[in-house]
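So the structure is just underneath, and the comments pick up after that.
Please read all numbers here as calculations on a predicted model, not as lab measurements. Just so it is clear, the values below take in all heavy atoms, side chains as well, and ignore hydrogens, waters and symmetry mates.
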Amino acid sequence: MGKRGRRRQRTTSTGSASDGFIGSSPATGSTPRSIPAFEHPSHALLKENGFTQQGYHKYHQRCLKERAKLGTGQSQEMNTLFRFWSFFLRTHFNRKMYEEFKQLALEDAQNGYRYGLECLFRFYSYGLEQRFRSDVFDHFQEETLRDCANGHLYGLEKFWAFLKYYTGQPFEISAELKSRLNKYHSLEDFREEARTAAVGGGESSLP
């Protein structure tokens, strides 16, 4: 468990997902100052008092339509929705929204596209640190173990970070997760294993 008062610092992880919006940054140097830069809906919805059901519904439908048209893992708009969910649900938890997030992220991961899954792990790690929910924590454990079984480190790294910084109510951790976490004492341990795996042509030494 982490010490009370310690704030988590954002760091580069072993996975591929970035906290930046994909395909949503306006070009620099080409837009006159008199014309306001385009604001992506996912930015606007995350602003304080910026969320509306109508705005979210329109944005949500647009993302799902592009995903259906282009295929799993091919939609940049869908990636912005994954990232929106990862941030929004940390402070505005909605069961239906969370279940859809989880379902689609896992579907993408099963087809080899991990951006949504890595957004889901960031939601688990940061969101549960802000407000603990026992059932969501159980999902975090389940998906971390599944990620490990598939040979990836990202979920385990995010679980380790959650344990380091969380200061709330006690909880039970599965014996298998405890065993997997034993050899990691810092984020650098995860990075070193990822570097070693990259040299060897694999993602990690996880069984």
Side-chain angles (χ1 to χ4, degrees), residues 1 8 11-19 64 67 71-75 78-79 81-90 93-166 170-187 189-198 200-207:
M1 294 294 176
R8 190 195 303 215
T11 57
T12 302
S13 299
T14 57
S16 59
S18 165
D19 269 338
L64 293 186
R67 182 178 187 264
T72 302
Q74 303 304 309
S75 168
M78 190 65 217
N79 284 346
L81 182 58
F82 280 134
R83 184 183 182 276
F84 167 79
W85 280 333
S86 178
F87 277 88
F88 184 79
L89 289 169
R90 297 175 195 181
F93 187 77
N94 176 284
R95 179 68 55 180
K96 182 178 179 181
M97 191 183 290
Y98 162 66
E99 292 294 348
E100 182 180 24
F101 179 18
K102 181 169 176 280
Q103 175 191 339
L104 295 179
L106 292 176
E107 283 182 10
D108 275 20
Q110 288 169 3
N111 286 281
Y113 300 98
R114 290 179 52 82
Y115 185 81
L117 181 60
E118 293 181 3
C119 286
L120 181 66
F121 279 127
R122 289 201 297 278
F123 157 68
Y124 284 145
S125 189
Y126 288 97
L128 288 169
E129 182 185 340
Q130 294 181 43
R131 181 172 178 180
F132 188 84
R133 291 178 171 85
S134 59
D135 60 331
V136 175
F137 177 69
D138 289 342
H139 297 164
F140 191 10
Q141 294 198 78
E142 292 166 8
E143 297 310 325
T144 298
L145 287 172
R146 191 202 307 268
D147 207 43
C148 289
N150 289 331
H152 299 287
L153 277 174
Y154 195 86
L156 194 64
E157 178 196 327
K158 289 304 178 199
F159 195 89
W160 179 92
F162 167 75
L163 295 181
K164 179 176 177 63
Y165 293 102
Y166 180 71
F171 47 77
E172 291 295 323
I173 304 173
S174 77
E176 184 177 354
L177 262 180
K178 286 181 180 178
S179 176
R180 288 184 179 277
L181 288 164
N182 279 341
K183 69 175 182 176
Y184 301 102
H185 305 288
S186 69
L187 287 176
D189 291 340
F190 287 95
R191 295 182 186 126
E192 179 60 33
E193 183 162 338
R195 285 192 291 266
T196 301
E203 173 133 352
S204 75
S205 61
L206 296 171

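In this structure, the side chains of F82 and L104 come closer than 4.5 Å at one or more pairs of heavy atoms. Inter-residue side-chain proximity for C119 and F101 is flagged as met; some heavy-atom pair is nearer than 4.5 Å.
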For F87 and R122, run side-chain contact (heavy atoms from CB on, under 4.5 Å): C-alpha distance rounded to whole Å, both residues' side-chain angles, the deciding distance at 0.1 Å, then the answer.
CA-CA 9 Å; F87 277 88; R122 289 201 297 278; 5.6 Å; no
Is there a side-chain contact (heavy atoms from CB on, under 4.5 Å) between R67 and L81? Walk through the geometry before answering.
CA-CA 11 Å; R67 182 178 187 264; L81 182 58; over 6 Å; no
I would like to know whether T144 and W160 meet side-chain contact (heavy atoms from CB on, under 4.5 Å); could you show each step before the answer?
CA-CA 10 Å; T144 298; W160 179 92; over 6 Å; no
Might you work through the side-chain contact (heavy atoms from CB on, under 4.5 Å) test for N150 and R146, ending with a clear yes or no?
CA-CA 6 Å; N150 289 331; R146 191 202 307 268; 4.0 Å; yes
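For the atom pair R114 CZ and D108 CG, the distance stands at 11.5 Å (nearest 0.5 Å). The distance from the OH atom of Y115 to the CZ atom of R83 is 6.5 Å, given to the nearest 0.5 Å. Rounding to the nearest 0.5 Å places OG of S75 at 9.0 Å from CG of L64. Note that NE2 of H139 and CG of L106 are 10.5 Å apart. Values are rounded to the nearest 0.5 Å. Taken to the nearest 0.5 Å, the CG atom of L128 stands 9.0 Å off from the CZ atom of F171. In this structure, CD in E176 is found 4.5 Å from CG in L145, a value given to the nearest 0.5 Å.
Between I173 and K178, the closest heavy-atom pair is O-CE, 3.5 Å. Listed here is the closest heavy atom pair of D147 and Y154: OD2-N, 3.8 Å. Among all heavy-atom pairs drawn from E107 and T72, the shortest one is O-CG2, 4.3 Å. The two atoms that bring Q141 and E172 nearest to each other are NE2-O, 3.3 Å, heavy atoms only. Listed here is the closest heavy atom pair of A194 and L153: N-CD1, 4.1 Å. Contact between L156 and R180 at its shortest, heavy atoms only, is CD2-O, 4.0 Å.
Under the rule for a side-chain contact (heavy atoms from CB on, under 4.5 Å), the partners of R95 that lie at least two apart in sequence or sit in another chain are F93, Y98, E99, D135, V136. In this view, E192 and R195 satisfy the salt bridge (Lys or Arg N to Asp or Glu O under 4.0 Å) rule, not counting sequence neighbours.
Side-chain N or O atoms of E143 include none that pairs as donor or acceptor with a backbone N or O of L117 at under 3.5 Å. Of the possible polar contacts, one joining the D189 side chain to the S186 backbone as a donor-acceptor pair under 3.5 Å is found. In this structure, the side chain of R90 engages the main chain of S86 through a donor-acceptor pair within 3.5 Å. With hydrogens and angles ignored, the 3.5 Å screen pairs no side-chain donor or acceptor of E157 with any backbone N or O of F190.
For an aromatic pair to be called close, the ring centres must be under 6.0 Å apart, and F137 with Y166 fails this.
Around CZ of R131, the count of heavy atoms belonging to other residues, nucleotides or ligands within 6.0 Å does not exceed 12.
A side-chain contact (heavy atoms from CB on, under 4.5 Å) with F162 is found for one member of F121, F140, Y124, Y126 and no other, namely F140.
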